Amino acid sequence: MMYNYKQIEKKWQKYWKENNTYVVSNDTCLDKKKYYMLVEFPYPSGVGLHVGHARVYTASDVQARFKRSLGYNVLFPMGWDAFGAPAEQYAIKNHIHPKMAVLENIKVFKGQMESLGLSIDWSREFSTTDPEYYKWTQWQFLQFYKAGLAYKDEKEINWCPKCKTGLSNEDAQGGVCERCGSRTEKKLKNQWLLRMSNYADKLLDGLKNTDFLDKVKTAQVNWIGKSEGALVKFHLAGTEDDLEVFTTRCDTLYGVTFMVISPEHPFLKKYLDKIVNRNELEKYQKEAALKSEIERTDATKEKTGVCLDGLEAIHPLTGERLAIWVSDYVLSSYGTGAIMAVPAHDERDYAFAKKFGIPILPVIAGGDVLTEAYTGDGVHIHSSFLDGLDKEEAISAMLKYLEENHIGERKVNYRLQDWIFSRQRFWGEPIPMIHCDKCGWVEVPVCDLPVLLPDVSSYEPTDDGESPLANITDWVNTTCPKCGGVAKRETDTMPNWAGSSWYWLRYMDPKNSCEFASMDAMKYWGMVDLYDGGMEHATRHLLYARFWNIFLHEQGLVPYSEPFLKRISHGMILGEGGEKMSKSRGNVVNPNDMIRDYGADALRVYEMFIGDYTKDATWSENGLKGCKKFLNRIWNLQDKLNDCCEYSKNLENLIHKTIKKVTNDIETLNYNTAVSALMILLNEMDKEKEISRRDYRTILHLLNPFAPHITEELNEIYHLGDEFSSSSWPQYEEEKTVSQTLKIGVQVNGKLRSTIEVVKDTSKDELEKLAISEENVQKHIEGKEIIKIIAIPNRIVNIVVK
RNA sequence: GCCUGAGUGGCGAAAUAGGUAGACGCACAGGACUUAAAAUCCUGCGAGAUUCAAACCUCGUGUCGGUUCAAGUCCGACCUUAGGCACCA
């Protein structure tokens, strides 16, 4: 008999909704421990969920159902991250307001999630585009501003010519727009920034208090890019200024033969009148500005540069005059935008010196400087007081000397930069600031929050690099909250990452209209226990969110510094051909179709069975069919049901084993082996003529987190016990997980020659006797000398012969 | 170039502490049921040699070496591959 999955799944989904089965309270009086299961909320695009999303939400749901069954008060919420370019583009294309586009898309997404049977507490749902939500995003921005961490600055930013907006460094990795793939340009623009670089060390230190996957931690550490070294001052001849450089190898100071500064270095403007070859310089600067980030950072391309005529630096130790070169291999965004060049021991400096015929002076013994830059670590030479010292000794001796003589100081440098927080888009949170000619930048008073987006019909990006909001004069023109004079609103909006930088806090107290979340609620739910998301967010969302939370904690606004205890990242689902699923490839599998043809339970079981959850997996509809078959067999097991309320003798041992295995596997996210353990148990039950009510109840319970509908249905039909959604997880007895008899292998010289069946804990001596008496073993030891016998009870026997 | 992982049948994958490699599933083949197909059930399924058939034997977890009674697992070198960082001073 086939089971009617369509009707059963609909029935239980309706039942859960009507009974608020998965609505959770912040009740601190409950005698339950809390568990916060968070999964990255989706961006509700026009295309709906695909089976990759379904895998992630199912895994989180399995975890939530499991933890609930273990007695935890589980927070498993869902919301929508709906600001940003895709919604805006979708709206422009379909000639509707982004607000409406978002509503439409959310409806589709939510419907899909509901048909998967997820145990989400929908009473806590919100979208980052809800004014009641972004009011608090704006409020939090003002806290950054008050703390001096939000500032407006003329900055060279990453500009996407296609999207017509500025991007953060994180969104323009490798000089490519994350959204559309265009090459980004450098553009000087007045931007809002958040001082994230001040938090570099805190972001590094905080990792110690988390249990993130190693590769996630490494990605963050690399992105922050801490390097320890020294700041060294080279006097600029004939001026009051010093040219400052950052170096990690101040021990090679005696090897410096020239200086290099970036084409954007401020001294070039300041001392332009001193520079004789001005025309040559300006030509070079123009060329550099036109180059894309990719071209500029291509390490394989030949070095270019201009030697300044009229400006020289003075070596702080030797007093020698050093030529200053301008070259785009020095980046204005890292360190001081200037370097001391040590061609003998740095590949790049070497290549540059070679090309322009600059002297190369070795200061570390051991390399052949004529053929290549020396990178080994011999002792120092030609270096005065450093001669004979090794790298570590020389660095500390030089640091001491620099500091004592005020030539330089220890300095830690970071790759991490301030967060470019302005976007020239319509569909984002307006930055709640007002500019008044008299008072300067003035905050929007809290009572006027949220600053709402205007309801207009045209919100397409402008060509001049200004936000679309700038054209809406009614909205822009306002009065200064301070002096009451005429003033203008900030027209830039926040990046998409703003709304996702605190959303997990809002779930704790989503209806609060006085605060973003009450301290009590935040204390109750604490840190997110398990946060599941994609690897693509390891350096962006995860860094922004941690920065935001650390800041709020410093302001006394949240109880914990780190927001997430454990971060895991799931793999993708690839199309049947092993390629990434995409609309253009036409290999996207829609979960709706799979649910229609096989049922939500089958889809869920298959998604969990497909392979290691943290790795990519290739979709196979045949695999899904196999899981459907498994559920059919679970359904048909009812025909074997007897009246007995204890475990069947033949199955008891395996049942205890399976409870243990499934429990541990869900805990450690090894969902695929948990499912296989259930398949093994089913196979054994199927071999029996009858199974007991307890046998059935237990396998159904273990399967419930994976296939909640069919299991609740069977449990109800046969009155096997309470609903699984309110039952405690089955217990196993350790001693009953061990078999009384077992088969162990017998090897001769490490090769398997036979197996013997013995009772558990058979002694060493007995094992040896049994092993030797095996016929095939005899054949292999006949006429040979037994050197020794290794017999390990319950494991193996190995006979070593010569 | 540097930093992480990962390489196991035709395929997706298993293998707590070194202890019977390939569990579980898919695909495939043979059989049962059926007028037939689908569904379902049963059997087989790493490669090779041998055999009527089987037992048995040899080889086998990316490559080469090592440690050990015993290596997918530990150690060393290398190859391939995925991801992160990268003219970062």
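Both backbone and side-chain heavy atoms feed into the values below; hydrogens, waters and symmetry mates do not. As the structure is a computational prediction, the values presented were derived from the model and not from experiment.
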Can a cation-pi geometry be assigned to A:K303 and A:F352, taking NZ or CZ under 6.0 Å from the six-membered ring centre and within 45° of the ring axis?
no

Hey, is B:G76 sitting syn or anti, using the within-90° cutoff around 0?
anti

When rounded to the nearest Å, what value does the distance between C1' atoms of B:G12 and B:C28 take?
15 Å

I need the CD-P distance between A:E785 and B:C69, as an integer number of Å.
16 Å

G-U wobble or Watson-Crick pairing nucleotide for B:A29 (cut-off 3.5 Å, both distances):
B:U43

Quick one: which of B:G84, B:C24, B:C56 gets closest to the side chain of A:N222?
B:G84

Tell me whether the side-chain N/O atoms of A:K215 come closer than 4.0 Å to OP1 or OP2 in B:G83.
no

Contact class for A:G626 (heavy atom, under 4.0 Å): base, sugar-phosphate, or nothing?
sugar-phosphate

When the C1' atoms of B:A17 and B:G5 are compared, how many Å lie between them, rounded to an integer?
23 Å

Would you classify A:T618 as touching base, sugar-phosphate or nothing, given that sugar-phosphate means primed atoms plus P, OP1 and OP2, and contacts are heavy atoms under 4.0 Å?
nothing

Phosphate-side-chain proximity, A:K751 and B:C69, N/O vs OP1/OP2 below 4.0 Å:
no

Can a side chain N or O of A:K629 be found less than 4.0 Å away from OP1 or OP2 on B:C26?
yes

Could you work out the separation of B:A21 and B:A13 based on their C1' atoms and round it to a whole Å?
13 Å

Quick check, are the ring centers of A:Y606 and A:Y598 under 6.0 angstrom apart?
no

Under a 3.5 Å cut-off for both distances, is B:A54 Watson-Crick or wobble paired, and to whom?
none

Within the 4.0 Å heavy-atom criterion, would you say A:N413 contacts the bases, only the backbone, or no part of the nucleic acid?
nothing

Upstream residue (5' side of RNA chain B) when A:G750 and A:C627 are each assigned their closest nucleotide
A:C627

A side-chain contact here means heavy atoms from C-beta on lying under 4.5 Å apart; do A:E287 and A:D328 qualify?
no

Return the nucleotide paired to B:U8: Watson-Crick means purine N1 to pyrimidine N3 with N6-O4 or O6-N4, wobble means G-U with N1-O2 and O6-N3, both under 3.5 Å.
none

Hey, is the side chain of A:N683 poking within less than 4.0 Å of OP1 or OP2 on B:G25, counting only N and O atoms?
yes

Going by heavy atoms in the side chains, are A:F630 and A:L703 under 4.5 Å from each other?
yes

Counting Watson-Crick and G-U wobble pairs only, both distances under 3.5 Å, name the nucleotide matched with B:A17, or none.
none

For residues A:V759 and A:Q740, determine if any side-chain heavy atom of one lies less than 4.5 Å from a side-chain heavy atom of the other.
no

Under 4.0 Å, heavy atoms only, any strand: does A:V342 hit a base, just the sugar-phosphate, or nothing?
nothing

Going by purine N1 to pyrimidine N3 plus the second Watson-Crick contact, or the G-U wobble pair, all under 3.5 Å, which nucleotide sits opposite B:C74?
B:G66

Cation-pi, A:F609 ring and A:K628 (6.0 angstrom, 45 degrees)
no

Are there over 12 heavy-atom neighbours, none belonging to A:E775, within less than 6.0 Å of that residue's CD?
no

Does A:H780 make a side-chain N or O approach to OP1 or OP2 of B:C56 shorter than 4.0 Å?
no

Using whole Å, report how far CG of A:N749 lies from C1' of B:U58.
16 Å

Nearest-Å distance once atom C1' is located in both B:U73 and B:U20:
15 Å

For A:N664, answer base if it contacts any base atom (sugar-phosphate contacts may also be present), sugar-phosphate if it contacts only those atoms, and nothing otherwise; contact means non-hydrogen atoms under 4.0 Å.
nothing

Using atom C1' of each nucleotide, how far apart are B:G7 and B:U61 to the nearest Å?
9 Å

Applying side chain to side chain contact (heavy atoms under 4.5 Å, CB included) to A:L682 and A:I634, what does each step give before you reach the verdict?
CA-CA 7 Å; A:L682 169 68; A:I634 289 279; 4.1 Å; yes

Nearest whole Å is fine: how far is B:U40 P from A:N632 CG?
7 Å

Any N or O donor-acceptor pair linking the side chain of A:N798 to the base of B:C69 at under 3.5 Å?
yes

Rounded off to whole Å, could you give me the NZ-to-P distance for the A:K779 and B:C57 pair?
6 Å

Of the listed nucleotides B:C69, B:A14, B:A89, the one nearest the side chain of A:T248:
B:A89

Walking RNA chain B from its 5' end, the first of A:I610 and A:S227 to be reached, judged by nearest nucleotide, is A:I610

As a test of reading the structure: which of B:G19, B:C88, B:U58 is closest to the side chain of A:I796, going by heavy atoms?
B:G19

Please check the phosphate of B:A14 (OP1 and OP2 only) for any side-chain N or O of A:N670 closer than 4.0 Å.
no

With heavy-atom distances below 4.5 Å as the criterion, would you say the side chains of A:S168 and A:Y544 are in contact?
yes

So do A:M594 and A:W619 actually touch side chain to side chain, heavy atoms under 4.5 Å?
yes

No-H, no-angle donor-acceptor pair, A:K625 side chain to B:C26 base, under 3.5 Å:
no

Nucleotide of B:C24, B:A15, B:U20 approaching A:S676 most closely (side-chain heavy atoms):
B:C24

With rounding to the closest Å, how many angstrom separate the C1' atoms on B:C59 and B:C3?
38 Å

Which of these nucleotides, B:G19, B:G83, B:C24, is closest to any side-chain atom of A:I680?
B:C24

The side chain of A:T247 lies closest to which of these nucleotides: B:A23, B:C87, B:A89?
B:A89

Candidates B:C87, B:C26, B:A89 - which lies nearest the side chain of A:Y329:
B:C87

Under 4.0 Å between any heavy atoms, over every strand shown, what does A:N672 touch: base, sugar-phosphate, or nothing? Just pick one.
sugar-phosphate

So what does A:I792 hit on the nucleic acid, given a heavy-atom distance under 4.0 Å: a base, only sugar-phosphate, or nothing?
base

Say we look at B:U63 and B:C24: how far apart would their C1' atoms be, to the nearest angstrom?
30 Å

Report the base-pairing partner of B:A23 (Watson-Crick or G-U wobble, both distances below 3.5 angstrom), or none.
none

Length of the line joining A:I790:CD1 and B:G18:P, which is rounded to integer Å
16 Å

As a test of reading the structure: which of B:A17, B:C69, B:G25 is closest to the side chain of A:R795, going by heavy atoms?
B:A17

Whole-Å distance separating the CG atom of A:L752 from the P atom of B:C59:
13 Å

Rounded to whole Å, please give me the gap between CE in A:M572 and C1' in B:A82.
10 Å

B:G1 -> Watson-Crick or G-U wobble partner, both distances under 3.5 Å, gives B:C85

Pick base, sugar-phosphate or nothing for A:K743, based on heavy-atom distances below 4.0 Å to the nucleic acid.
base

Short side-chain N/O contact from A:R753 to OP1 or OP2 of B:C57, under 4.0 Å
yes

